[in-house]
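Step one of this worksheet: look at the structure below.
Note on naming: letters A, B, ... go to the chains in the order of the sequence lines (proteins, then strands), and numbering restarts at 1 for each one. As a basis for the values below, the full set of heavy atoms in this structure was taken, side chains included, without hydrogen atoms, waters or symmetry mates.
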Amino acid sequence: VGLPAENAAREKGVHPREWTYANIAAMREQLMGRGLAVDWSREFATCDPEYYARQQRLFLDFFRMGLVYRAEADVNWDPVDETVLANEQVIEGRGWRSGALVERRKLSQWFFKITSFADDLLGGLDQLGRWPEKVRLMQRNWIGRSEGLRFSFDLNKAPLSSIEVFSTRPDTIFGASFIALSPEHPLTEQLASKDSKLAQFVAECRAGGTAEEAIETAEKRGYDTGIRARHPFDADWELPVYVANFVLMAYGTGAIFGCPAHDQRDLDFARKYRLAVLPVVIPEGVDPKSFTIPEEAYVGPGRLANSRFLDGLDVDNAKAEVARRLEAAGRGLRTVHYRLRDWLVSRQRYWGCPIPVIHCQSCGIVPVAAENLPVKLPDDVRFDSPGNPLALHPTWKHTACPKCGGRATRETDTFDTFVDSSWYFVRFTDSHAEDPVNRDAARYWMPVDQYIGGVEHAVLHLLYARFFTRAMAKAGNLTVQEPFAGLFTQGMVCHETYRAAADGGDWLLPEDVEKRDGGVFMRGTDIPVSVGPSEKMSKSKKNVIAPETIIDAFGADTIRWFMLSDTPPERDIEWTQEGAEGCWRFVQRIYRLITEAEGLPLPGTTIAEATDSDLELRRATHRAIAAVTEDLNALRFNRAVAQIYTLANAFGAAGAAGGAARREALETMVLLIGPMMPHLAETCWETLGHKTLVAMARWPHADPRLVKSDTITIAVQVNGKRRGEIEIAREAGEESVKSSALALDSVQRALEGKPPRRVIVVPGRIVNVVA
RNA sequence: GCCCCCGUGGCGGAAUCGGUAGACGCGGCAGACUCAAAAUCUGUUGCCUUCACGGGCGUGCUGGUUCAAGUCCGGCCGGGGGCACCA
């Protein structure tokens with residue numbers, strides 16, 4: 001489901017359904033070709049009415065619970081994709097998919113009330129111990145909780161008798177110089193209707209735009225309404241009321257009191273309009289009389305001054321005191337505000353899940369009854385004109401009101417595709433259940449033990465899914481609050497970029513480039529190619545390698561091995577031809593080791609021999625088991641790979657080791673590579689004489705006696721510098737370690753005949769001799 | 001502007017608890033095998049110095065804590081990410 005399908009339909013004239021199912025089929029082929037273990041019996045497509053019918057039922061639940069509403073609001077409009085976007089989908093002022101600068105439009109849209117879970121979504125983050133701190137931090141910042149005080153100033157003139165502001169710094173109330181309203185504030189609108197100059201000012205503010213550049217460079221501007229506000233603690237103190245371009249309607253109350261000494265924006269504003277700048281918070285140890293504000297507002301801690309009953313208090317106590325007094329006077333309320341906004345879920349597009357609602361002229365908004373679901377998409381749509389094909393469809397949207405039977409129209413917006421992905425993991429617990437959720441299955445499987453995805457979804461999918469899980473739990477469908485117990489954010493695959501000329505030129509595919517004689521040329525020519533930095537594979541820069549071509553050349557196991565080698569999975573990985581060839585050589589090396597191993601005892605033979613080289617090989621084997629097991633459990637695949645190389649190298653070092661020890665080592669290696677190179681492992685397993693599958697075999701168990709050797713090597717330092725090492729029994733006492741260390745020639749040389757002042761022995765680790 | 005993360009050989013990266021820096025791989029160099037090449041195998045590969053033994057330096061820079069610092073703390077420099085008029 002989604003925009004790429006619909007855009008392809010517009011460009012190529014195929015129906016989005018055909019395009020989508022063709023892609024699913026191709027993707028399924030690819031996944032199977034890579035030897036992934038997938039339970040295909042659970043497969044479903046979110047664009048199938050089987051799925052979105054259930055989604056529409058969830059919507060009805062949410063509707064009943066008051067978690068859905070339709071409202072007119074300032075929304076983000078993507079002019080290229082011709083639809084609105086949620087706040088999370090606007091990155092640096094641009095549509096996350098199209099890259100187009102978004103515009104602000106006032107439209108009536110559907111919202112999910114994610115803000116009603118704001119506090120819970122924030123608090124829940126602390127319990128997600130197996131999530132990356134980075135993602136939790138991003139969500140924390142996105143939700144943006146701030147505690148403050150909401151309180152009112154009386155006004156000296158109509159149309160309102162008072163104005164309510166929100167502040168996180170009520171302690172600075174005696175440093176107030178002005179009140180500022182948002183251009184979109186209802187009071188501003190009332191005043192503007194009678195004041196053409198103000199109306200013009202508001203229009204200019206709107207024209208300023210919301211693009212990042214515009215905001216960054218926009219200077220603070222204000223318009224004095226002529227109204228005066230009375231200070232809440234001094235009836236004789238009047239503050240001017242401005243309309244100011246930097247005050248946002250969507251946050252707090254859309255109105256602020258300005259304290260220039262302790263807020264940079266207020267200071268910029270005050271300097272421009274020549275308003276008083278009175279410091280009221282003085283840093284510790286500074287004389288209040290000499291403390292002035294030059295160009296930067298002081299936002300640090302300190303003690304209150306110039307503030308009557310607050311003088312001498314610290315910031316926190318002053319905040320509490322102001323709150324206490326204003327609350328007691330009935331004109332203030334401690335409140336918590338969030339940066340998070342409700343999730344705008346309607347999209348003016350065809351290829352999505354229809355929002356199951358009917359608009360009736362007399363009854364208003366009426367949800368479609370559950371027994372009439374699903375509301376299916378019509379197939380006969382045209383993409384030859386701009387706009388939403390559903391809205392342009394000649395008949396689809398006309399229907400009868402479920403309540404009064406009168407003429408009514410269907411909602412033509414469809415859901416944001418992120419709605420589809422917000423609960424698919426729950427559906428996987430029983431993909432074919434009649435109800436949206438099989439509660440028993442969900443209770444058994446949820447939460448997802450280990451979720452893997454890109455960090456780009458930190459405040460998109462991962463936030464929406466957490467909201468959905470809570471909403472579904474509230475509706476009785478789930479018993480968990482959090483969808484994903486563990487989260488891992490993996491990196492992307494990158495590749496060098498190539499251009500036909502140093503100063504630009506066309507991008508070239510890696511397959512059209514060859515490296516020889518220390519240079520890089522266009523394949524089959526002497527034309528040099530300019531090599532650019534490694535970047536995320538993208539079609540636009542042509543630095544892509546089709547998985548099929550690699551699988552054809554090296555096989556799926558080589559690709560899998562390469563992906564796991566070298567780079568930790570959370571980091572971006574660079575695809576290189578050399579690296580892939582190296583993996584290919586290792587695949588062959590393992591196969592050779594197995595096929596060349598002649599005269600091995602039969603499978604299951606107990607190990608009796610104990611020559612030195614046998615013991616060495618057995619130690620290497622069991623160390624590898626221990627290390628690989630640990631690394632795989634911790635998702636440190638690159639280290640697991642390195643451990644297997646080390647084991648493979650041990651065969652060379654083991655020399656004459658043969659018989660049962662060699663069989664044990666080879667079988668172990670095959671079992672250890674099993675999860676990473678399944679095809680190779682099964683072939684080798686069979687070659688070793690087994691009739692069963694590696695996939696069904698028990699994971700090997702490390703013998704602790706073989707993992708630890710009897711003797712250990714300990715480094716010896718003199719004054720922190722390494723001078724030598726001693727090989728000594730693991731259980732050797734401190735005294736014998738000490739004397740062996742001091743006996744070293746290199747240590748004696750470094751001591752220059754003098755006795756050591758001190759000898760530090762860290763058991764099993766190091767000896768440091770202090771001269 | 002605010003917040004967060006990261007700087008280790010030619011390259012990807014190890015060292016996750018303050019205890020031998022550079023595991024393992026790629027690349028390079030040398031050798032064996034070969035008529036030759038490829039493949040394979042063996043050795044070698046941080047930098048400087050030395051015929052050699054050895055010595056010195058070394059985890060972005062800088063200062064500190066410690067017997068001991070890639071690891072902890074302060075200040076800077078560089079790179080990446082998030083948020084961005086949020087009161």
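Within 6.0 Å of atom CD in A:E147, 12 or fewer heavy atoms from other residues, nucleotides or ligands are found, so the atom counts as exposed in its surroundings. Heavy atoms from other residues, nucleotides or ligands lying under 6.0 Å from CG of A:D745 number 12 at most.
Checking A:T253 against A:N638, the closest nucleotide of RNA chain B that is more toward the 5' end is the one next to A:N638. Both A:V770 and A:R592 lie near RNA chain B, and the one whose nearest nucleotide falls closer to the 5' end is A:R592.
Nearest to the side-chain atoms of A:Q717 among the listed nucleotides B:rC85, B:rA87, B:rA21 stands B:rA21. Considering only the side chain of A:R585, B:rG27 comes nearest among B:rG27, B:rA14, B:rA87. The listed nucleotides are B:rG12, B:rA68, B:rA84; the one nearest the side chain of A:N768 is B:rA68. For A:R749, the side-chain atoms get nearest to B:rG54 when compared with the rest of B:rC86, B:rC24, B:rG54. For A:A642, the listed nucleotide lying nearest its side chain is B:rC24; candidates were B:rA87, B:rC17, B:rC24. Taking every side-chain heavy atom of A:R341 into account, B:rC86 is the closest of B:rA23, B:rC86, B:rG13. Listed candidates were B:rU20, B:rG55, B:rG19. Nearest to the side chain of A:R722 is B:rU20. Minimum atom distance to the side chain of A:N245 is reached by B:rC85, of the listed B:rC3, B:rG56, B:rC85. The side chain of A:P568 lies closest to B:rG13 when the candidates are B:rG13, B:rC57, B:rC86.
In this structure, CG on A:L647 lies 10.5 Å from NE2 on A:H622, to the nearest 0.5 angstrom. If you take CE on A:M249 and OG1 on A:T188, they are separated by 8.5 Å, rounding to the nearest 0.5 Å.
Backbone-only engagement by A:E578 is indicated by non-hydrogen atom pairs under 4.0 Å involving sugar-phosphate atoms exclusively. Looking at heavy-atom distances under 4.0 Å, A:S565 makes no contact with the nucleic acid at all. Base contact: A:V247 has a heavy atom under 4.0 Å from a base atom. As judged by a 4.0 angstrom heavy-atom cut-off over every strand, A:T576 is placed among residues making no nucleic acid contact.
Of the P atoms belonging to B:rC17 and B:rG27, the separation is 33 Å, rounded to the nearest Å.
Across every strand in view, B:rC11 sits in a pair with B:rG25 that passes the Watson-Crick or G-U test at under 3.5 angstrom. B:rA30 is paired with B:rU42 under the Watson-Crick or G-U wobble criterion, all donor-acceptor distances under 3.5 Å. B:rG70 makes up no base pair with any nucleotide shown, lacking Watson-Crick or G-U wobble contacts both under 3.5 Å.
Between the P atom of B:rC86 and the CZ atom of A:R169 lies a distance of 14 Å, rounded to the nearest Å. Taking atom CE of A:M492 as the reference point, atom P of B:rG81 lies 10 Å away to the nearest angstrom.
Within 90° of 0 lies the glycosidic angle of B:rG9, which makes this nucleotide syn.
Looking at A:T115 and A:D342, their side chains do bring a donor and an acceptor atom within 3.5 Å of each other.
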